[in-house]
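Just so it is clear: chains get the letters A, B, ... in the order the sequence lines come, proteins before strands, and each one is counted from 1.
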There are 2 protein chains.
Amino acid sequence: MNENQAVAALSALSQETRLRMVRYLVTKGGEGAAAGEVAKAAGASSSRASFHLNALSQAGLITATRASRSIIYRVDFAAMGGLIGYLIEDCCQNDPTIVSCCAPLTKQQG
Amino acid sequence: MNENQAVAALSALSQETRLRMVRYLVTKGGEGAAAGEVAKAAGASSSRASFHLNALSQAGLITATRASRSIIYRVDFAAMGGLIGYLIEDCCQNDPTIVSCCAPLTKQQG
DNA sequence: TCAACAATTCAAGAGATATTGAATTATGAA
DNA sequence: TTCATAATTCAATATCTCTTGAATTGTTGA
């Protein structure tokens, strides 16, 4: 993960419809979901959904694979993890005696 | 953390100068850094830095406290952790038998 | 081949955001 | 009070992004 990739990923996530899509796909895990299903979950028209799914794909946050008439989208969990790691890199200069500031960054996950 | 807060935080982070600022402040931990120091670290003019620091503050990602002539900015680590938690909420529907997709989200932290 | 379904592409208009340099506010020291 | 430092505010410009609806592409089954 470099700066350009991180800005691209964060730009992609900083939009209501796309954030809903990613969060929906996160819950779906490796199974993923078809474009139409994601569009419905995010409350978007098909053209809008397509536009935003393409943006997420360009940013490297999701992948697309065709399955018959549908196109299945899945979160790229390595990319998501890479982004999170980039955001909190060298937290508190990696000082192991300081826990108070870095602790909240690892606790909220579930 | 709700949807509006998350979009605001991600919008704030999705800009080169602001991302640099936050990453710099993350390494500074509870100590924080003065506006001028952050501006220098991010390679921004003072007016640009002020504009972007205000955006990060409005988004709830950093706090500002005056110390003599300087204004010290610090990352709000609870807000950062809340954002990360919101992004990966209910990953894989919290199925404990699935590790492959959620693992990368908790490993990259340094 | 034809009809139906799933999804993408396109163009135009509306709205939001970033940059610049000059001016202004706030603080501290002589 | 006066000067220097630290930082913010302002207005104008330029640029990017989102939405909409119609048209198009790709796939499947009758």
Test of understanding: with salt bridge (Lys or Arg N to Asp or Glu O under 4.0 Å), list the residues that count as partners of Arg23(B), not counting sequence neighbours.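 Per chain and number, Arg23(B) pairs via salt bridge (Lys or Arg N to Asp or Glu O under 4.0 Å) with Glu89(A).
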
Holding to side-chain contact (heavy atoms from CB on, under 4.5 Å), I want the full list of residues that pass it with Ser50(A), two or more places apart in sequence or in another chain.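 For Ser50(A) there are no side-chain contact (heavy atoms from CB on, under 4.5 Å) partners, ignoring immediate neighbours.
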
Between Cys102(A) and Cys92(A), does the SG-SG distance stay under 2.5 Å?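 In this structure, Cys92(A) and Cys102(A) share no disulfide.
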
Given side chains that start at C-beta, do those of Phe51(A) and Thr17(A) come closer than 4.5 Å, heavy atoms only?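 Sidechains of Thr17(A) and Phe51(A): no contact.
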
If we only count heavy atoms from C-beta on, is the Ile62(B) to Asp76(B) side-chain gap below 4.5 Å?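 Result no, sub-4.5 Å side-chain heavy-atom pair not found.
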
Check side-chain hydrogen bond (donor to acceptor under 3.5 Å, both in side chains) between [X] and all other residues, then give those that pass, not counting sequence neighbours.
| X | value |
| --- | --- |
| Arg74(A) | Thr65(A) |
| Gln5(A) | none |
| Thr97(B) | Asp95(B) |
| Gln93(B) | none |

I'd like a table of donor-acceptor pairs (distance under 3.5 Å, sequence neighbours excluded) in which one partner is a side-chain atom from residues 53-61 of chain B, with atom names and distances.
none

Please list residues of [range] whose heavy atoms come under 4.0 Å from any atom in DNA chain C, ordered by number; otherwise none.
| range | answer |
| --- | --- |
| residues 35-53 of chain A | Ala35(A), Gly36(A), Ser46(A), Ser47(A), Ser50(A) |
| residues 9-31 of chain B | Gln15(B), Arg18(B) |
| residues 60-71 of chain A | Arg69(A), Ser70(A), Ile71(A) |

Distance under 4.0 Å to a non-hydrogen atom of chain A counts as contact; along DNA chain D, which nucleotides mark the start and end?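 First-to-last contact on DNA chain D, by the 4.0 Å heavy-atom rule, is dC18(D) to dT28(D).
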
Going by atom types only, do Tyr73(B) and Glu37(B) share a side-chain donor-acceptor pair under 3.5 Å?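 The criterion, which ignores hydrogens and geometry beyond distance, is not satisfied for Glu37(B) and Tyr73(B).
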
Please, which pairs that meet salt bridge (charged side-chain N to carboxylate O under 4.0 Å, His left out) have at least one residue in residues 46-68 of chain A, sequence neighbours excluded?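 Counting only pairs at least two positions apart or across chains, no salt bridge (charged side-chain N to carboxylate O under 4.0 Å, His left out) contact touches residues 46-68 of chain A.
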
